[in-house]
Every structure is written in structure tokens, then in C-alpha cells.
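The model shown is predicted, which means the values in this text are computed figures rather than measured ones. In this chain, residues are counted from 1 in sequence order.
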Amino acid sequence: MTLKDDFAAKGRVMFAYGADGRVCATQRRISKSAVPLYCALMNLNSPNLPKVISVREDEDGATVTEGYIDGVTLRKALHDGTLGEEELRRLAIDICSALSLLHGSCPPVIHRDIKPENIIRTDDGRYVLIDFDASRLFKPGATSDTVTLGTHGYAAPEQYGFGQTGPESDIYSLGATLYEAAEGKPYAPGAEISCPMGRIIKKCLEFNAKDRYSSADELLKDLGAKKKKPFIPRAAPVILALLLGFCSGLAAGGGIHTKEEAQTHDETPPAEKAVEAVKAAEVAEEIPCTCELITRPNDTRLEGYSLFSYPGAEFLPKSVRGATEFPLTLDIKVSAPVYSKDCKAKTHTAQHWEYSVPPGQAGETITGDKVTVDGPGEYYIYYYCPDFNGMGYGANFSFNVN
């Protein structure tokens with residue numbers, strides 16, 4: 001069984017093929033409730049996380065497209081035997097680096113199902129954390145989860161109803177995974193840990209969440225690793241062109257095929273279709289807009305500007321001082337920074353944003369493009385654009401009222 005078969009076994013998954021005939025992306029359906037989560041993942045770039053290319057919402061849910069990762073699951077890798085100390089440390093550092101980015105996002109993303117089946121060892125030796133179907137956006141102040149999810153033997157005690165899952169829950173699951181990778185058997189409470197990393201693994205597996213590492217960054221420090229900087233591909237213009245071409249193929253209904261159709265697939269690859277479409281548009285003097293929106297504060301394309309100071313960008317409401325009457329209603333308006341360096345279109349795509357209150361934010365309601373707050377405090381607005389030139393975007397910004 002190949003990694004492609006593993007993906008297909010999880011549910012109805014379709015695959016996109018590049019010009020070389022190899023799988024380059026996967027596409028599957030998700031529920032409406034999962035849309036904010038996957039939009040948040042779109043803004044995270046790491047060599048230890050899958051790349052979410054687009055999220056397309058419709059009446060029945062949404063379709064998410066992710067980059068395909070070449071490699072084998074950790075479960076299959078362990079069939080060849082346990083990991084040595086150096087490889088075990090590499091596994092711990094790579095997954096910790098992914099968790100550092102997930103837990104550090106706003107709001108934090110909790111994976112909730114870390115296990116050997118959900119980790120890929122790539123062909124170049126990296127470990128990548130996949131499968132966010134059980135994940136959730138962390139809700140500050142909540143005392144328990146709405147739905148109990150996870151896998152027995154890897155899930156933290158709080159995932160069985162002892163409390164709300166948080167970053168420490170993922171650290172427990174990573175500890176159980178490291179134990180199995182080192183000892184060759186699933187973890188059982190109270191089991192002896194004989195490997196050189198035993199002290200670290202034991203702390204990850206403490207029953208009380210407060211006794212574990214408080215964060216992935218603390219665990220990384222104990223592993224002797226530095227926190228990795230956000231991953232920004234050097235070949236961004238090339239990747240952008242490929243993704244735009246791929247999404248154009250999706251919109252036209254080409255380039256995506258079920259596992260059964262793969263054997264007889266003989267259509268032009270999506271990237272070539274995109275090139276042909278651009279050439280035809282140029283002849284007709286109707287060159288399509290290829291602008292991109294920027295929603296990450298550390299994006300190098302901002303060229304020294306912040307998201308809020310970038311020319312043409314606008315985020316309302318701004319912070320309010322001296323407010324005395326509540327509830328207070330303010331207008332919402334977002335015009336995100338636009339990266340248009342390589343766009344030759346005469347007419348550019350307009351931005352259309354939807355707004356909502358992030359999970360866990362109290363004292364705030366949003367109706368259309370109006371936000372109402374109950375009193376002084378710091379408030380967040382989640383802004384989401386389901387389709388801008390074939391890509392979906394979503395992020396948070398905050399404002400203060402005092």
C-alpha cells in the first residue's frame with residue numbers, strides 16, 4: 001500500500017497530477033464547521049506541516065486542496081524497527097516545530113490526534129504532521145471540549161472528559177508517539193522508559209497537564225533545538241504560478257481525478273492548461289488578474305511595511321479611546337495588502353470579505369459589516385475571503401476599546 005492509498009483510505013480523496021504524471025495535490029470535502037480551521041492553516045508555512053492551497057466554500061460545506069507530500073507514514077517506517085536516538089530526536093524536533101507554529105497562531109490550533117499514522121517521513125528525511133480532521137481552535141476560558149476526539153493510547157487524559165484540550169494535550173500525544181518509536185510498543189500508563197530521551201518523554205506523558213511541558217517551545221529548548229523561523233519558500237513566484245494554474249484547472253473541472261480514473265487519465269495537465277489559458281487571454285487582450293492577498297504579518301512581500309501600514313491597506317475599526325457609552329457599534333472594513341508585481345491584467349479582482357467573531361471571544365457580536373462590543377477591552381475580528389483569484393484567505397486582526 002502506498003501513501004496515496006493511505007490518503008484514499010481515509011475517505012473520498014481526489015488527486016491532481018503534474019506534467020510528469022506524479023501526484024502533486026489532494027482534494028477532499030470538509031464540513032462548514034471546519035472552514036475557519038483550514039483557513040487558519042492556510043496562513044501557516046512550515047516544512048513540517050502540509051500546505052493548504054485553497055478552501056472553497058459552498059452550500060453543503062467546503063472543498064480543501066492540499067499539497068501532496070512524498071514519503072511514508074511513521075507507522076510504516078516503524079515496521080522496519082524502532083528509531084535510534086538521533087532519528088528519534090529529529091522526529092521530536094520536527095513535530096515540536098510544527099506544534100510551535102500551530103499553538104502560536106491566533107487563535108491556537110490544537111491537533112488532538114498525533115500518532116504514527118498522522119506523521120509522514122518524507123523522502124528527504126523530514127517529519128510532517130498531517131490530518132487535522134480532529135483539530136480544533138483553542139477557546140480561552142472553556143472548561144471542556146464540545147466533542148471528545150482522539151485515538152486511544154495517544155490521547156491525553158483531558159480528551160476523555162477531564163477538561164479542555166490545549167497545547168499540553170498535543171505534547172502528551174507526541175510523548176506517546178515518541179515512546180512507541182523508541183520502545184517498539186504502544187505506551188501504557190506507568191510503563192518504564194529505557195531510551196536516552198526517557199526523561200523528556202516521561203515529562204510529556206504526565207497525567208496532570210500542568211506537570212508536562214507548558215509549550216512546544218519549552219520542549220524544543222529541552223531537546224537542544226532552537227525555535228524555527230516561519231518557512232517561506234525561496235521559489236515563491238514559481239510556486240504561486242503553479243498553484244494559480246492548478247486552481248484554474250480545478251475551476252474548469254480538469255486536473256482532479258478519483259483513484260479509479262487515474263488509470264485512464266490522459267488530459268492535459270493543469271499547469272499546461274493554465275499556460276494555454278493565459279496565452280489565449282493575452283491574444284484576446286483579456287489577461288486574467290493574478291494578484292495575491294497578503295494576510296501573514298511576517299510575509300516578505302510586505303517589503304518592510306506592516307499589514308496595516310502597507311499602501312492601500314485598510315483595517316477598520318481602529319482602536320477607540322474615551323468610549324463611555326456601551327454597547328458600542330462600529331463599522332468593519334478590510335482591504336488587505338495586494339501583491340500585484342507580476343499581474344498584467346487591466347482589471348483587477350475586487351476584495352469581498354466576510355466577518356465573524358473568533359471562537360472564545362466574549363462580549364462581541366458581528367452582524368454583516370458591523371461589530372458591537374459590550375465594554376472596554378481587546379477584541380478580535382476574523383476576516384475571511386472564500387475566493388480571490390482561486391485562493392481562499394482568512395486571518396484575525398484586533399482593536400482596543402478603552
Enquirer: Can you list the residues that meet the side chain to side chain donor-acceptor pair (under 3.5 Å) rule with Lys370, with sequence neighbours excluded?
Expert: Asp331
Enquirer: Is a salt bridge present between Asp222 and Lys203, judged by a nitrogen-to-oxygen distance below 4.0 Å?
Expert: no
Enquirer: Please step through side-chain contact (heavy atoms from CB on, under 4.5 Å) for the pair Val371 and Thr329, ending with a clear verdict.
Expert: CA-CA 6 Å; Val371 57; Thr329 299; over 6 Å; no
Enquirer: With side-chain contact (heavy atoms from CB on, under 4.5 Å) as the criterion, how do Phe399 and Leu316 come out once you've worked through the C-alpha distance, each side chain's angles and the decisive distance to 0.1 Å?
Expert: CA-CA 9 Å; Phe399 65 97; Leu316 297 177; over 6 Å; no
Enquirer: Determine whether a donor-acceptor pair (N or O, by modelled atom type, separation under 3.5 Å) exists between the side chain of Ser97 and the backbone of Ile93.
Expert: yes
Enquirer: In Å, rounded to the nearest 0.5 Å, how long is the span from CZ of Phe388 to NE2 of His352?
Expert: 9.0 Å
Enquirer: Below 4.5 Å, heavy atoms only, C-beta onward: do Leu307 and Thr295 meet side chain to side chain?
Expert: no
Enquirer: What I'd like to find out is whether the side chain of Tyr384 reaches to under 4.5 Å of the side chain of Glu57, using heavy atoms alone.
Expert: yes
Enquirer: Does the side chain of Leu129 reach to within under 4.5 Å of the side chain of Leu99, using non-hydrogen atoms?
Expert: yes
Enquirer: Any side-chain heavy atom of Gln351 within less than 4.5 Å of one from Leu293?
Expert: yes
Enquirer: May I ask you to say whether Arg29 pairs ionically with Asp58, meaning some side-chain N is under 4.0 Å from a carboxylate O?
Expert: yes
Enquirer: Does a side-chain heavy-atom distance below 4.5 Å link Asn45 with Arg296?
Expert: yes
Enquirer: For Glu180, is there an ion pair with Arg75 - N to carboxylate O distance below 4.0 angstrom?
Expert: yes
Enquirer: Should Arg212 and Glu158 count as an ion pair when the cut-off is N to O under 4.0 Å?
Expert: yes
Enquirer: Can you tell me how far the CG atom of Leu37 sits from the CD1 atom of Ile30, to the nearest 0.5 Å?
Expert: 7.5 Å
Enquirer: Regarding Asp217 and Ser215, do their side chains bring together a donor and an acceptor under 3.5 Å, going by distance alone?
Expert: no
Enquirer: Backbone N or O of Ile130 within a donor-acceptor pair of the His111 side chain at under 3.5 Å?
Expert: yes
Enquirer: I'd like to know whether NZ of Lys221 has more than 12 heavy-atom contacts from other residues, nucleotides or ligands below 6.0 angstrom.
Expert: no
Enquirer: Please report the C-alpha distance between Asp170 and Leu174 in whole Å, then the side-chain angles of each, then the deciding distance to 0.1 Å, and finally whether the side-chain contact (heavy atoms from CB on, under 4.5 Å) criterion is met.
Expert: CA-CA 6 Å; Asp170 282 346; Leu174 174 57; over 6 Å; no
Enquirer: Please examine the side chains of Cys195 and Ile201, heavy atoms only from C-beta on, and report whether any two atoms are closer than 4.5 Å.
Expert: yes
Enquirer: Can you tell if the side chain of Tyr382 reaches within under 4.5 Å of the side chain of Val357, non-hydrogen atoms only?
Expert: no
Enquirer: If you count every heavy atom of other residues, nucleotides or ligands that lies below 6.0 Å from Tyr305 atom OH, does the total exceed 12?
Expert: no
Enquirer: Between Lys341 and Glu292, does any NZ, NE, NH1 or NH2 come within less than 4.0 Å of an OD or OE carboxylate oxygen?
Expert: no
Enquirer: Can you list everything that forms a ring-ring contact (aromatic ring centres under 6.0 Å, His included) with Tyr213? Sequence neighbours excluded, please.
Expert: none
Enquirer: How close do Gly71 and Asp123 get, heavy atom to heavy atom, and via which atoms?
Expert: CA-OD1, 3.5 Å
Enquirer: Checking Ile120 against Tyr127 for the side-chain contact (heavy atoms from CB on, under 4.5 Å) test, could you report, in this order, the C-alpha distance in whole Å, the side-chain angles of both residues, the deciding distance, and whether it holds?
Expert: CA-CA 6 Å; Ile120 293 176; Tyr127 289 95; over 6 Å; no
Enquirer: Looking at Asp387 and Arg56, is any side-chain nitrogen of the basic one under 4.0 Å from a carboxylate oxygen of the acidic one?
Expert: yes
Enquirer: Which one of Asp131, Thr151, Thr73, Thr177 satisfies the side-chain hydrogen bond (donor to acceptor under 3.5 Å, both in side chains) criterion with Lys115?
Expert: Thr151
Enquirer: Starting at CG of Leu223, measure out to CG of Leu91 and round the result to the nearest 0.5 Å.
Expert: 10.0 Å
Enquirer: Answer yes or no: is there a donor N or O on one side and an acceptor on the other, between the side chain of Ser173 and the main chain of Tyr154, under 3.5 Å?
Expert: yes
Enquirer: Between Glu314 (side chain only) and Ser335 (backbone N and O only), is there a donor and an acceptor less than 3.5 Å apart?
Expert: no
Enquirer: Check whether any side-chain heavy atom of Tyr179 lies under 4.5 Å from a side-chain heavy atom of Lys185, and answer yes or no.
Expert: yes
Enquirer: Can the ring centres of Phe315 and Phe397 be said to be less than 6.0 Å apart?
Expert: yes
Enquirer: Supply the atom-to-atom distance Glu168 CD to Cys204 SG, rounded to the nearest 0.5 angstrom.
Expert: 11.5 Å
Enquirer: Whether the side chain of Asp374 engages the backbone of Pro327 through a donor-acceptor N/O pair (distance < 3.5 Å, no angle test) should be reported.
Expert: no
Enquirer: What's the shortest heavy-atom distance between Asn396 and Pro107, and which atoms?
Expert: ND2-CD, 3.2 Å
